[in-house]
Amino acid sequence: MTRLFTDQISHIPETIEEYNQKLKDKTGSGLVGLANYALGTEYGTDFFAQKKAAVIPVTVGKGVIQGFSKTVASILEFMGFEVLITNNPDIKGIKEAYQKRADILLMADDDEFIALNLENDKYVDNNWATARAYVNGLELMVGGLKDRTVVVQGLGPVGEESVRALIEKGARIKVYDIDEQKMAELTKEASVEAVKNPEQELKQDKLILEATPVENTIQEDYIDQETYISAPGVPLGVGKTAVSSVENRLIHDPLQLGVSLMAVSVL
Ligand code: PYL
């Protein structure tokens, strides 16, 4: 999992309103609407307000990321949840969240980012939630994925889960990863084929799910008015000069979509 760093997320709390409006402009839905669409639910902010979420800093491994807990908390607060960041990290933090009667616990180490609902035993991890959010975001942008071809670049945990979500949508999927074994695994599915040269594919296939942890995987000369990109990968795989030519048809963020879907999926 690519480890975020502070200056990739420190802007999120004060820009979340603007982010949400841009997401609405692109997909017709904001964070809550997209999560409900992806999960087939109809929760409103009044329901979220009845739920207390605790974000627990975790110090193991490479330790706390300055601003991570605050950013996760700000996304949940924006959605309407009652939110606390525990004063203590780690096990003491879990104990504190329990003692403060939190319903939902969110915590992340270097490998996992999970949400647990103590009320109903539901659990979700960020990779699953992020993949579902970005596939459904792409679907909302283009009006439907059935029988459409989607190129998935990067078959890490999010890319792989995205392929599964796209199979459920009835899409035709072309996958690319530097690891040929990963491609071979996924092409066992009838609707999935491996591509050797993703750049060539982008000349004809215009729906892209970019889930690599690499910059500049999508160059400007492969982008036109038909191109739609859903990019859960951090850092953004679209070349900096290319972003301006596709920004109204590009979904990308370091945390917002994944966190919002995590919270709704454990209710
Ligand atoms: C969950 C993010 C999405 C992309 N990469 C993942 C990441 O950066 N994981 C590490 C998160 C560490 C959090 C740290 C803290 O502040 O509690 N343990």
Side-chain angles (χ1 to χ4, degrees), residues 1-5 8-9 12 31-32 34-41 43 48 51-65 68-69 71-76 79 81 83 85-86 89-91 93-94 97-98 102-138 152 154-169 177 182 185-186 209-213 230-234 251-267:
M1 178 184 278
T2 323
R3 181 176 164 92
L4 291 168
F5 42 89
Q8 282 179 315
I9 56 174
I12 290 174
L31 288 168
V32 170
L34 197 155
N36 277 322
Y37 175 81
L39 297 166
T41 50
Y43 294 119
F48 299 148
K51 300 297 173 189
K52 183 186 279 189
V55 182
I56 300 151
V58 174
T59 64
V60 294
K62 295 181 185 142
V64 161
I65 297 176
F68 180 81
S69 293
T71 297
V72 172
S74 72
I75 297 163
L76 298 168
M79 295 172 74
F81 287 90
V83 190
I85 300 173
T86 56
D90 307 327
I91 304 300
I94 293 171
Y98 179 80
D103 304 301
I104 301 168
L105 310 187
L106 295 99
M107 58 199 105
D109 64 15
D110 296 339
D111 307 308
E112 302 286 347
F113 176 19
I114 65 169
L116 290 172
N117 186 327
L118 300 182
E119 269 186 318
N120 61 14
D121 282 344
K122 284 190 180 180
Y123 152 88
V124 70
D125 90 46
N126 178 259
N127 292 324
W128 183 91
T130 300
R132 298 290 156 154
Y134 274 82
V135 165
N136 282 282
L138 181 64
V152 177
L155 298 176
V158 173
E160 205 174 323
E161 184 56 40
S162 299
V163 171
R164 278 194 278 273
L166 287 164
I167 291 168
E168 289 170 24
K169 297 284 185 185
D177 192 286
K182 280 186 182 173
E185 270 306 302
L186 284 170
L209 195 125
E210 203 287 334
T212 70
S230 202
V234 175
I251 299 176
H252 171 70
D253 69 43
L255 274 176
Q256 294 95 315
L257 274 171
V259 168
S260 58
L261 206 124
M262 285 173 84
V264 179
S265 65
V266 293
L267 292 178

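Of the possible polar contacts, none joining the Asp125 side chain to the Glu112 backbone as a donor-acceptor pair under 3.5 Å is found. Between the side chain of Asn120 and the main chain of Val266, a donor-acceptor pair closer than 3.5 Å is present. Not a single donor-acceptor pair under 3.5 Å links the side chain of Thr86 to the backbone N or O of Ala97. Side-chain N or O atoms of Asn127 include none that pairs as donor or acceptor with a backbone N or O of Val158 at under 3.5 Å. For Gln8 (side chain) and Phe5 (main-chain N/O), a donor-acceptor pair under 3.5 Å exists by modelled atom type. With Asn126 contributing its side chain and Phe113 its backbone, the two residues share no donor-acceptor pair below 3.5 Å. Using modelled atom types, no side-chain atom of Asp103 and backbone atom of Lys51 make a donor-acceptor pair closer than 3.5 Å.
One finds the CD1 atom of Ile94 at 4.5 Å from the CE atom of Met107 (value rounded to the nearest 0.5 Å). Here the straight-line distance linking atom OG of Ser162 with atom CD of Glu210 works out to 10.5 Å at 0.5 Å rounding. The distance from the CG atom of Asn36 to the CG atom of Leu261 is 9.5 Å, given to the nearest 0.5 Å. In this structure, CZ on Phe68 lies 8.5 Å from CG on Leu106, to the nearest 0.5 angstrom. A distance of 9.0 Å separates CG in Leu116 from CE in Met262, rounded to the nearest 0.5 Å. Taking CG of Leu255 as the reference point, atom OG1 of Thr130 lies at 8.0 Å (rounded to 0.5 Å).
What you find for Gly63 and Asp110 is that their closest heavy atoms are N-OD1, 4.4 Å. Residue Ala108 comes nearest to Val58 through the heavy atom pair O-CB, 3.2 Å, listed as atom of the first residue, atom of the second, then distance. Across all their heavy atoms, Val264 and Ala35 have their closest contact at CG2-CB, 3.8 Å. Between Val124 and Ala129, the shortest heavy-atom distance links the atoms CG2-CB, 4.3 Å. Between Lys169 and Tyr37, the shortest heavy-atom contact is NZ-CE2, 4.4 Å. Nearest heavy-atom pair, Leu31 versus Ser260, reported as atom, atom and distance to 0.1 Å: CD2-OG, 3.6 Å.
Side-chain contact between Ile12 and Pro254: present, with at least one pair of heavy atoms (C-beta onward) separated by less than 4.5 Å. Counting only heavy atoms from C-beta outward, the side chains of Leu76 and Val55 approach each other to under 4.5 Å. Put simply, the side chain of Leu138 does not reach to within 4.5 Å of the side chain of Ile251, judged on heavy atoms. Looking at Ser230 and Val135, their side chains never come closer than 4.5 Å, going by heavy atoms from C-beta outward.
Around OH of Tyr123, the count of heavy atoms belonging to other residues, nucleotides or ligands within 6.0 Å exceeds 12.
The aromatic rings of Tyr43 and Phe48 sit tilted relative to each other, their planes meeting at an angle between 30° and 60°.
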Query raised in the report: Step by step, would you call Val152 with Asp177 a side-chain contact (heavy atoms from CB on, under 4.5 Å)?
Result: CA-CA 9 Å; Val152 177; Asp177 192 286; over 6 Å; no
Query raised in the report: Where do Ile9 and Ile65 land on the side-chain contact (heavy atoms from CB on, under 4.5 Å) test, with the steps shown first?
Result: CA-CA 10 Å; Ile9 56 174; Ile65 297 176; 4.2 Å; yes
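The pair Glu161-Arg164 meets the salt-bridge criterion, with a side-chain N (NZ, NE, NH1 or NH2) lying under 4.0 Å from an Asp/Glu carboxylate O.
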